[in-house]
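These notes concern the structure reproduced below.
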There are 2 protein chains.
Amino acid sequence: MNPYEFIKDAIILGDFSPGERLTEEALASTLKVSRTPIREAIKQLETDGLITPYKRRGYIVREFSLEDIRQIYNLRALLESFGASEAALYRTSEELERMYNKNAAYEIAISKLKRSDILTIRNVQQVNQEFHEEIFKATKNEHLRTHISKVVVVPLIFRSFYWYSERMLLRSLEVHKTILKAIENQEPERAKIAMQEHIYQGRDDVLQQLNTPGIEVLKRDTQ
Amino acid sequence: MNPYEFIKDAIILGDFSPGERLTEEALASTLKVSRTPIREAIKQLETDGLITPYKRRGYIVREFSLEDIRQIYNLRALLESFGASEAALYRTSEELERMYNKNAAYEIAISKLKRSDILTIRNVQQVNQEFHEEIFKATKNEHLRTHISKVVVVPLIFRSFYWYSERMLLRSLEVHKTILKAIENQEPERAKIAMQEHIYQGRDDVLQQLNTPGIEVLKRDTQ
DNA sequence: AATTATCATAATGTATACAATAAGGTCAAC
DNA sequence: GTTGACCTTATTGTATACATTATGATAATT
């Protein structure tokens, strides 16, 4: 695996904790490559906002406050709801069909979910992401996709617990269907509002979990 | 000047034309540094979307279609109008005062404008940018600022002609005042819509110029 | 003449050595 | 005991040599 993906996954999975210091040499010897490719990965992670400079010497894994998370989710809601409305305007019937297929796959993935099986959980997560991506593809707006892909990374760190709750998953499935119907009927405003609500629900679920001290362990995916 | 800024400015000013090929070694010898810092700059320019990979060997300066420009301006409108509404909600009175000062400076800069003097033109451009930045600062949303700063670069390439037209500048000054009043009165919806309209005007001016064959030369700043 | 395989070349990918510099600790002076 | 200067050391910044690979040209074969 390339250094960028490796480090990014390590941060998302919690193998590198927020505040932990990262030095080029340590990473280089861990990944058994030279510093050059590590530097490249680090620069990219910095623009992703996953790491921040530390005292002009190296980087630390970024810590996100509740306010950070709220702001990032709000941005996500803004961008994805715009995407949904554009998709409602510009979708072709082939694209609509692909969206329906992805959401059907999502429904199946949820039904197969075993709470203790990490593989079925990852599958739900993956298929959900593919559903959202079908929508962005239908906008034909490459620049929008670039921005969304950036704003989607941080939420990944925090909502791992989300995928364990069947109640939440079934609720999001229902909202997916509302979004789909709006896109099918080419109702941009309705698609936009449904998507906005969808993201806000995710935001509030995450914030609520992070505010509940008893289930601190769920804050991070321990794999 | 560091390589990233140098290359970026060269692209914005048109010294590197769209489609032109960039190789690490050529840039390195031009800037009289080794390939290492050039590589770093190139990676960053790629995530900025200013250059794109070319046949798996190096990069070319990105060419933007009219549709690209339309999409980028629409994104800018989305993000900046959100910013204006957040600023209306969260501004302090000190921040409001700074915005007024910047817009006063903008008015002065316009009045001092000489159509042939590149320095006064750059000054108008600079002060305008500072006005917009005061608004984003007032949102206290660092993530929003990151996204806006990215979406603002491409328009810079195309709207150079804009700063030559006193009519357009006076119009945008009036809209600035509307935005300011909405932020002062803490009317987020009004601030949002005024900002949206402001960006759309800029978008349409640019697209119209690019569609007018006679003034092709104005498409790029020849400086 | 067209097509394909091979090879030379130019460009990027990677490793590593050396330079520059900031952080932190030690020692001395007050 | 506290403060400040200096020095050590850890870490990043830069240059460069070498490895790898994709491209385009050339030549050979059909």
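All heavy atoms count here, side chains included; hydrogens, waters and symmetry mates do not. Here is how names work: the chains are called A, B, and so on, in the same order as the sequence lines, proteins then strands, and each is numbered from 1.
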### Contacts of B:Glu63 that satisfy salt bridge (charged side-chain N to carboxylate O under 4.0 Å, His left out) - sequence neighbours left out
none
### Task
Check whether any side-chain nitrogen or oxygen of A:Lys55 sits under 4.0 Å from OP1 or OP2 of C:dG24, and answer yes or no.
yes
Name each donor-acceptor pair under 3.5 Å that joins a side chain in residues 28-41 of chain A to protein atoms two or more places apart or in another chain, with its distance.
unit_1: A:Ser29; atom_1: OG; unit_2: A:Ala26; atom_2: O; d: 3.1
unit_1: A:Thr30; atom_1: OG1; unit_2: A:Ala26; atom_2: O; d: 2.8
unit_1: A:Ser34; atom_1: OG; unit_2: A:Thr36; atom_2: N; d: 3.4
unit_1: A:Arg35; atom_1: NE; unit_2: A:Glu24; atom_2: OE1; d: 2.8
unit_1: A:Arg35; atom_1: NH2; unit_2: A:Glu24; atom_2: OE1; d: 3.0
unit_1: A:Arg39; atom_1: NH1; unit_2: A:Glu24; atom_2: OE2; d: 3.0

### Message
If I take atom CG in residue A:Leu22 and atom P in nucleotide D:dT11, what distance separates them, rounded to the nearest angstrom?
### Response
12 Å
#### Entry: Nearest-angstrom distance from the residue atom CZ of A:Arg21 to C1' of D:dA10
8 Å
### Message
As a test of reading the structure: which of C:dG13, C:dA11, D:dT12 is closest to the side chain of A:Arg39, going by heavy atoms?
### Response
D:dT12
### Query
Which whole-number value in Å describes the distance from B:Glu40 CD to C:dG13 C1'?
16 Å
#### Entry: Between C1' of C:dT14 and OH of A:Tyr4, the distance in whole Å
21 Å
#### Entry: B:Ile157 vs B:Leu50 side-chain heavy atoms within contact, under 4.5 Å
yes
### Task
Just grab all the salt bridge (charged side-chain N to carboxylate O under 4.0 Å, His left out) pairs involving residues 142-158 of chain A, residues at least two apart or on different chains.
A:Glu142-B:Arg62
### Task
Mind calculating the distance between CD (A:Glu24) and C1' (D:dT14) to the nearest angstrom?
12 Å
### Summary
Rounded to whole Å, CG of B:Leu27 lies from C1' of C:dA11 at a distance of 13 Å
### Between P of C:dT9 and CD of B:Glu25, the distance in whole Å
16 Å
### Task
For B:Gly58 and for A:Arg56, find the nucleotide of DNA chain C with the closest heavy atom, then tell me which residue's nucleotide is more 5'.
B:Gly58
### Query
Looking at residues at least two apart in the chain, or sitting in another chain, which of them share a side chain to side chain donor-acceptor pair (under 3.5 Å) with A:Lys140?
A:Glu95
## Note on the structure
Taken to the nearest whole Å, OH/B:Tyr54 to C1'/C:dA11 is 13 Å
#### Entry: A:Ile183 vs A:Ile179 side-chain heavy atoms within contact, under 4.5 Å
yes
### Message
Does anything in residues 124-155 of chain B form a ring pair (Phe, Tyr, Trp, His ring centres under 6.0 Å)? List the pairs, not counting sequence neighbours.
### Response
A:His147-B:His147, B:Phe131-B:His176, B:His132-B:His176, B:His132-B:His198
Under 3.5 Å between N/O atoms: give me all the protein pairs with nucleotides 15-20 of chain C, atom names plus distance.
unit_1: C:dA15; atom_1: OP2; unit_2: A:Ser34; atom_2: N; d: 2.6
unit_1: C:dA15; atom_1: OP2; unit_2: A:Ser34; atom_2: OG; d: 2.8
unit_1: C:dA15; atom_1: N7; unit_2: A:Thr36; atom_2: OG1; d: 2.7

